[in-house]
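All chains are named by letter (A, B, ...) in the order of the sequence lines, taking the proteins before the strands, and each is independently numbered beginning at 1. Excluded from the calculations below are hydrogen atoms, water molecules and symmetry mates; all remaining heavy atoms, backbone and side chain alike, are included.
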2 protein chains.
Amino acid sequence: MPAINEGRMGLNSDGEKGDSRRGRETGTLGKLMALVDHVALADGPMRFTDILSLSDQPRGTLHRQLSHLVEEGLLEVDRDGRYLIGIRLLNLASRSWARNEFRAVAEPHLRHLQELTGETVHLGVLRGSEVIYLDKVEGRQSVRMYSQIGNASPAYCTGVGKAALSALDDLDLAGRIAALEFRPYTQHTHRNAARLLADIVEIRVRGYAFDREEHESGICCVAAPIRADDGGMLAGVSVTGPAYRVTSQKLQQWAPLVVAAADSIMTDMRNRLGPKR
Amino acid sequence: MPAINEGRMGLNSDGEKGDSRRGRETGTLGKLMALVDHVALADGPMRFTDILSLSDQPRGTLHRQLSHLVEEGLLEVDRDGRYLIGIRLLNLASRSWARNEFRAVAEPHLRHLQELTGETVHLGVLRGSEVIYLDKVEGRQSVRMYSQIGNASPAYCTGVGKAALSALDDLDLAGRIAALEFRPYTQHTHRNAARLLADIVEIRVRGYAFDREEHESGICCVAAPIRADDGGMLAGVSVTGPAYRVTSQKLQQWAPLVVAAADSIMTDMRNRLGPKR
DNA sequence: ATCTGTAGTTCCATTATTTGGAATGAAATT
DNA sequence: AATTTCATTCCAAATAATGGAACTACAGAT
């Protein structure tokens with residue numbers, strides 16, 4: 001089965017602004033991180049002038065900002081003076097991943113779910129109106145494992161994303177949906193808020209979500225929401241596979257397993273965090 | 001300690017080429033990233049007061065700084081108000097990794113090297129006096145796949161690190177070594193600059209480096225340097241395995257293969273970058 | 001209930017950093 | 001050689017960060 005990632009990376013993170021524009025300004029940091037985003041979202045290395053045209057800042061200002069980012073290792077310059085994302089980010093991220101408690105708690109359950117179903121299992125957290133994949137367990141180890149982890153996908157057309165959205169209260173949900181731009185990745189992608197909301201209502205009743213080729217043709221999944229105790233964090237777990245193998249019956253059959261895995265993760269989180277402190 | 005640089009010390013502490021110096025002139029960003037580092041390096045979530053005791057800043061200042069970092073997603077707060085590394089970093093890092101040209105060019109060669117030797121192959125880049133692992137190809141291991149990617153290890157006691165150091169000119173090398181703190185990870189770890197320098201001289205002559213349980217007991221490797229065209233970036237490739245399986249003979253036997261892989265990667269980089277623009 | 005200590009948050013005049021227009025370099029292109 | 005494009009440096013003015021202190025919240029002890 002072809003990986004669910006690689007070629008699409010440039011596209012899927014493009015359209016939507018991952019998090020609704022907060023009224024708050026973070027001053028200097030916000031401006032700098034916006035630059036990092038520009039460089040991260042670009043298809044390749046960017047020249048000074050490329051960035052200048054995207055950011056509405058004067059030359060002198062931009063130049064110093066980029067210099068600072070490079071000095072801190074958040075960006076790098078290649079020998080042609082073009083800007084790239086720096087590897088310091090990789091280092092920071094690997095730490096954040098290795099020490100992420102939620103991920104560590106979930107891992108055995110993901111593995112178990114993978115063994116039960118034989119298909120790929122994903123763990124993703126909701127961030128704004130995107131899902132960021134925190135972990136992935138595949139059957140036969142294919143190589144491009146890391147490529148999926150850390151990837152962002154739109155919440156409205158992925159199983160994990162819709163499952164997580166379904167756990168939001170109406171107000172919050174409405175806010176995030178308002179920030180969406182519905183982009184037709186496949187013939188089955190929801191085209192508007194009404195269709196998405198109808199789907200989410202069903203998901204709330206059922207307790208689990210389906211994605212039948214909504215994000216990528218030929219890829220289906222069933223997913224269940226994971227609610228954090230404090231409600232601050234929402235996540236989801238899913239079983240994903242190619243449509244020719246993962247039939248509707250299979251999805252139905254796996255749904256209780258996925259829900260059970262999600263519940264186990266929630267329970268473990270509560271148990272681990274409760275007595276700890 | 002035999003002075004390779006006694007008289008140069010004054011010079012290279014001033015030299016601004018290597019970024020090993022923490023002479024931060026990045027203003028606000030530098031202070032903020034130092035906080036991110038503190039949180040990233042901690043063993044677990046940190047309370048406000050914990051960070052306060054590490055950073056020498058007033059309460060009010062620190063509070064606002066942390067707020068900004070959280071708002072930008074570089075940090076997160078858990079339900080107890082403790083600070084963690086944010087997943088936005090994971091997302092940025094996955095992009096930097098997926099689009100890293102060097103990694104992409106090297107990958108097939110790493111895979112080939114893995115097949116030839118049957119052991120684990122690493123690709124790492126030198127950053128200051130640390131090595132950050134960019135990629136890893138394992139034989140059949142199922143679990144710890146990306147635990148290594150993005151990790152930083154000291155350059156002076158890893159194969160990849162020593163190989164990369166050996167490609168530096170004397171001045172730069174002296175500067176980075178001056179910044180080192182020799183920590184005895186194992187019985188075989190170099191304890192001082194003299195021993196390390198002697199090793200590096202040998203590596204320069206041979207063209208490849210050994211690590212015989214210098215960083216981790218029971219783990220050996222052979223590594224070769226990868227010099228970037230512009231000299232700005234240095235990297236290394238290595239074959240690593242457990243000492244009981246990876247004997248000295250094996251290391252010797254693999255050395256030419258590792259060097260050949262490194263050379264192929266260099267060639268490919270030149271060919272890809274040259275005509276491209 | 002009150003006191004006391006610890007942890008976290010907010011406020012605002014002062015201070016230091018960032019800003020941005022314009023001038024200067026440095027390369028390509030004509 | 002002249003022109004255009006791109007990148008870098010400078011410095012007065014604008015703005016954002018600073019830090020001391022006052023304030024809230026909560027826990028445990030008296």
Side-chain angles (χ1 to χ4, degrees), chain A residues 21-39 42 44-72 74-84 86 229-230 232 273-277, chain B residues 16-17 19 22-39 42 44-72 74-84 86 229-230 232 273-277:
Chain A
R21 194 69 253 161
R22 302 164 296 268
R24 308 293 211 62
E25 270 301 334
T26 48
T28 304
L29 180 64
K31 295 166 196 161
L32 292 173
M33 289 307 293
L35 292 180
V36 174
D37 263 350
H38 277 137
V39 176
M46 299 181 85
R47 292 173 314 165
F48 179 84
T49 318
D50 299 332
I51 306 177
L52 181 63
S53 65
L54 285 179
S55 82
D56 49 355
Q57 301 188 88
R59 309 176 71 76
T61 301
L62 182 65
H63 189 263
R64 181 187 36 77
Q65 288 172 330
L66 290 173
S67 302
H68 283 178
L69 287 168
V70 168
E71 206 157 323
E72 285 298 325
L74 271 61
L75 297 182
E76 280 169 22
V77 270
D78 67 10
R79 59 137 171 240
D80 301 327
R82 294 174 310 185
Y83 293 86
L84 313 150
D229 318 339
D230 63 346
L273 288 177
K276 193 176 183 182
R277 192 167 45 89
Chain B
E16 27 106 28
K17 173 134 201 300
D19 54 6
R22 281 292 166 213
R24 299 196 181 282
E25 204 45 61
T26 49
T28 304
L29 180 64
K31 297 167 198 162
L32 292 173
M33 289 308 293
L35 291 181
V36 174
D37 262 350
H38 277 137
V39 176
M46 299 182 86
R47 292 173 314 165
F48 179 82
T49 318
D50 299 333
I51 306 177
L52 182 62
S53 64
L54 285 179
S55 82
D56 50 355
Q57 301 188 89
R59 309 167 71 76
T61 301
L62 181 65
H63 188 262
R64 181 185 36 76
Q65 289 172 330
L66 290 173
S67 302
H68 283 178
L69 288 169
V70 168
E71 211 156 320
E72 284 298 326
L74 271 62
L75 296 183
E76 282 170 21
V77 270
D78 67 10
R79 80 231 76 228
D80 302 325
R82 294 175 308 185
Y83 292 87
L84 314 150
D229 320 338
D230 61 349
L273 287 177
K276 195 173 184 181
R277 267 165 234 267

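- Residues A/M46 and A/L54 are in side-chain contact: their nearest non-hydrogen atoms beyond the backbone lie under 4.5 Å apart.
- Rounding to the nearest 0.5 angstrom, the gap separating the OH atom in B/Y83 from the CD1 atom in B/I51 is 6.5 Å.
- Every residue was checked against the salt bridge (Lys or Arg N to Asp or Glu O under 4.0 Å) condition with B/R59, not counting sequence neighbours, and none meets it.
- The shortest distance between side-chain heavy atoms of B/R64 and B/H68 falls below 4.5 Å.
- Rounded to an integer number of Å, the gap from B/M46 CE to C/dA7 P is 13 Å.
- Rounded to an integer number of Å, the gap from CD1 of B/I51 to P of C/dT9 is 11 Å.
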Could I get a table of every N or O pair under 3.5 Å where one atom is in the protein and the other is in nucleotides 6-8 of chain D?
| residue | atom | partner | partner atom | Å |
| --- | --- | --- | --- | --- |
| D/dA7 | OP2 | A/T49 | N | 2.9 |
| D/dA7 | OP2 | A/T49 | OG1 | 2.3 |
| D/dA7 | N7 | A/R59 | NH2 | 2.5 |
| D/dT8 | OP2 | A/H63 | NE2 | 2.9 |
| D/dT8 | O5' | A/H63 | NE2 | 3.0 |

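- In this structure, CD on B/E71 lies 6.0 Å from OG1 on A/T26, to the nearest 0.5 angstrom.
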Enumerate all atom pairs, one protein N or O and one N or O from nucleotides 27-30 of chain C, separated by less than 3.5 Å.
none

Under 3.5 Å, which N/O atoms of the protein pair with N/O atoms of nucleotides 23-28 of chain D?
none

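- In this structure, CG in B/D50 is found 11.0 Å from OG in B/S55, a value given to the nearest 0.5 Å.
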Under 3.5 Å, which N/O atoms of the protein pair with N/O atoms of nucleotides 15-18 of chain C?
| residue | atom | partner | partner atom | Å |
| --- | --- | --- | --- | --- |
| C/dT17 | O3' | B/T28 | OG1 | 3.4 |
| C/dT18 | OP1 | B/T28 | N | 2.9 |
| C/dT18 | OP1 | B/T28 | OG1 | 3.3 |

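- Between its opening and closing five pairs, the helix from C/dA1-D/dT30 to C/dT30-D/dA1 changes axis direction by 30°, a value rounded to 10 degrees.
- Across all their heavy atoms, B/L52 and B/P58 have their closest contact at CD1-C, 4.2 Å.
- In terms of heavy atoms, B/L69 sits closest to B/V36 at CD2-CG2, 3.8 Å.
- Of all heavy-atom pairs between B/M33 and A/L74, the closest is CE-CD1, 3.3 Å.
- Closest non-hydrogen pair, A/L35 versus A/Q65, comes out as CD1-OE1, 3.5 Å.
- At least one side-chain heavy atom of A/R82 sits less than 4.5 Å from a side-chain heavy atom of A/R47.
- With rounding to the nearest 0.5 angstrom, the CG atom of B/L29 is 11.5 Å from the OG atom of A/S67.
- A straight line from CD of A/Q57 to C1' of C/dG21 spans 14 Å, rounded to a whole angstrom.
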